[in-house]
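One structure below.
Note that the structure is a prediction, hence the values are computed from the model and not measured. By convention here, the first residue in the shown sequence is residue 1. Just so it is clear, the values below take in all heavy atoms, side chains as well, and ignore hydrogens, waters and symmetry mates.
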Amino acid sequence: MASLFSGRILICNNSDQDELDTEAEVSRRLENRLVLLFFGAGACPQCQAFVPILKDFFVRLTDEFYVLRAAQLALVYVSQDSTEEQQDLFLKDMPKKWLFLPFEDDLRRDLGRQFSVERLPAVVVLKPDGDVLTRDGADEIQRLGTACFANWQEAQGPDKKKKKKKKKEEEMRRRRKGGGGEGRGGGGGQEETRIGEDVQKIIFKNLRHCWWKWKMVQLLWKSLRVPQRVKIK
């Protein structure tokens with residue numbers, strides 16, 4: 001995902017307007033997140049009508065006042081404003097967690113062409129790997145509200161499962177190779193402990209069953225025994 005903004009600066013929409021000017025910083029903000037590219041302009045009436053809906057959508061998913069854990073979601077405002085003053089005025093009341101490109105960066109226009117943006121407002125939703133999930137994000141947000149985020153997560157489900165499976169396979173390969181002292185001592189020791197606990201459970205279970213069987217045999221034997229009569233002379 002960070003490769004989309006390689007060599008570029010992203011700015012945080014906070015009071016200090018902190019700049020993310022290294023790939024490491026950009027990667028930390030976008031890594032493993034769904035990224036919304038919001039194409040809009042302050043002078044666009046449709047954008048002005050859509051913005052309150054988008055703000056509410058974003059805040060309800062990322063502000064811990066509404067959720068226990070912020071959603072893995074990031075938003076980059078790709079300004080289509082005519083002047084920098086219009087861009088600054090538009091961003092003035094937007095959430096502080098939004099990111100945006102500097103006005104002088106030509107990438108603002110290039111991204112519009114790259115993702116075939118033909119009208120405003122537009123929201124292009126990108127998967128964590130940079131692939132397009134949907135170009136109709138604006139319409140889905142207006143129709144479904146925060147529920148569409150769950151749909152987006154579900155839509156990328158197979159990819160996440162593949163990555164998880166691949167990671168598990170890599171970990172298994174490292175263990176087979178030995179993986180150094182730590183891998184052999186850590187992973188192997190835990191495995192041995194787990195096997196030992198399982199064996200103990202099986203033995204205890206069998207012993208318990210044997211004990212109950214023995215008690216049943218004793219009770220059955222006592223019930224079948226006929227008491228001997230003693231003849232008194």
Side-chain angles (χ1 to χ4, degrees), residues 1-6 8-21 23 25-42 44 46-67 69-81 86-103 105 107-112 114-115 117 119-153 155-156:
M1 174 59 68
S3 60
L4 184 64
F5 302 100
S6 179
R8 308 287 181 166
I9 294 174
L10 284 177
I11 304 173
C12 301
N13 192 42
N14 54 23
S15 56
D16 296 328
Q17 295 204 337
D18 298 321
E19 294 185 354
L20 308 179
D21 54 3
E23 289 192 18
E25 289 177 318
V26 172
S27 180
R28 277 196 297 270
R29 290 296 296 265
L30 304 182
E31 189 177 15
N32 297 324
R33 297 174 187 267
L34 287 174
V35 176
L36 310 185
L37 298 181
F38 172 38
F39 296 83
C44 166
Q46 292 84 357
C47 295
Q48 291 290 353
F50 173 63
V51 158
I53 300 171
L54 180 61
K55 281 174 61 178
D56 183 70
F57 169 84
F58 184 82
V59 169
R60 286 185 177 276
L61 287 171
T62 59
D63 193 323
E64 293 179 359
F65 178 80
Y66 295 99
V67 289
R69 184 179 179 184
Q72 294 294 88
L73 185 69
L75 186 146
V76 178
Y77 175 56
V78 186
S79 168
Q80 304 299 298
D81 294 289
Q86 286 181 342
Q87 174 177 297
D88 293 342
L89 187 63
F90 184 77
L91 287 167
K92 185 177 179 181
D93 297 322
M94 298 302 119
K96 294 179 180 179
K97 291 184 179 180
W98 282 18
L99 304 172
F100 64 93
L101 288 160
F103 182 79
D105 195 333
L107 185 61
R108 296 187 302 114
R109 306 294 178 187
D110 295 340
L111 289 176
Q114 180 178 340
F115 295 106
V117 174
R119 58 187 175 84
L120 302 179
V123 175
V124 177
V125 183
L126 303 179
K127 298 178 183 179
D129 61 5
D131 290 342
V132 176
L133 188 60
T134 179
R135 289 181 170 85
D136 299 322
D139 179 60
E140 293 181 25
I141 290 170
Q142 290 183 87
R143 287 189 298 106
L144 304 173
T146 55
C148 66
F149 179 72
N151 295 343
W152 297 339
Q153 285 185 310
Q156 62 163 339

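- Using a 4.5 Å cut-off on side-chain heavy atoms (C-beta onward), D56 and Y66 make no contact.
- Across all their heavy atoms, S79 and D81 have their closest contact at OG-OD2, 2.6 Å.
- Two residues are said to be in side-chain contact when any heavy atoms from C-beta on lie closer than 4.5 Å; D129 and Q156 fail this criterion.
- For the pairing with V124, the side chain to side chain contact (heavy atoms under 4.5 Å, CB included) check across L37, L111, D136 returns one residue only, L37.
- Remark: side-chain polar atoms of N14 are paired, donor with acceptor, to backbone N or O of Q17 under 3.5 angstrom.
- Ring geometry for Y77 versus F38: interplanar angle of 30 to 60°, hence tilted.
- Under a 3.5 Å cut-off, the side chain of Q80 and the backbone N or O of V78 do form a donor-acceptor pair.
- Cation-pi geometry between R108 and F103 is met: the NZ or CZ atom falls under 6.0 Å from the ring centre, inside 45° of the normal.
- Taking a cutoff of 4.0 Å between a charged side-chain nitrogen and a carboxylate oxygen, D88 and K92 do not qualify as a salt bridge.
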Worked verdict on K127 versus W152 for side chain to side chain contact (heavy atoms under 4.5 Å, CB included): CA-CA 9 Å; K127 298 178 183 179; W152 297 339; over 6 Å; no
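- A donor atom on one side chain and an acceptor atom on the other are not found under 3.5 Å apart for Q46 and R119.
- No donor-acceptor distance shorter than 3.5 angstrom exists from the side chain of E25 to the backbone of L10, with no hydrogens or angles considered.
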Step-by-step side chain to side chain contact (heavy atoms under 4.5 Å, CB included) determination, L54 to L75: CA-CA 10 Å; L54 180 61; L75 186 146; 4.0 Å; yes
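- Although no hydrogens or angles enter the test, the distance criterion places no donor-acceptor pair under 3.5 Å between the side chain of D16 and the main chain of D18.
- In this structure, the side chain of K55 engages the main chain of D93 through a donor-acceptor pair within 3.5 Å.
- In this structure, V125 and G137 approach most closely via the heavy-atom pair CG2-CA, 4.2 Å.
- Side-chain contact check for L120 versus F50: every heavy-atom pair is 4.5 Å or farther apart.
- Side-chain atoms of L99 and L20, non-hydrogen and from C-beta on, do get closer than 4.5 Å to each other.
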Verdict with reasoning, C12 to W98, per side chain to side chain contact (heavy atoms under 4.5 Å, CB included): CA-CA 6 Å; C12 301; W98 282 18; over 6 Å; no
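- When atom types are taken as modelled, the side chain of Q48 and the backbone of G42 share a donor-acceptor pair closer than 3.5 angstrom.
- Of all heavy-atom pairs spanning M94 and N13, the tightest one is O-ND2, 3.2 Å.
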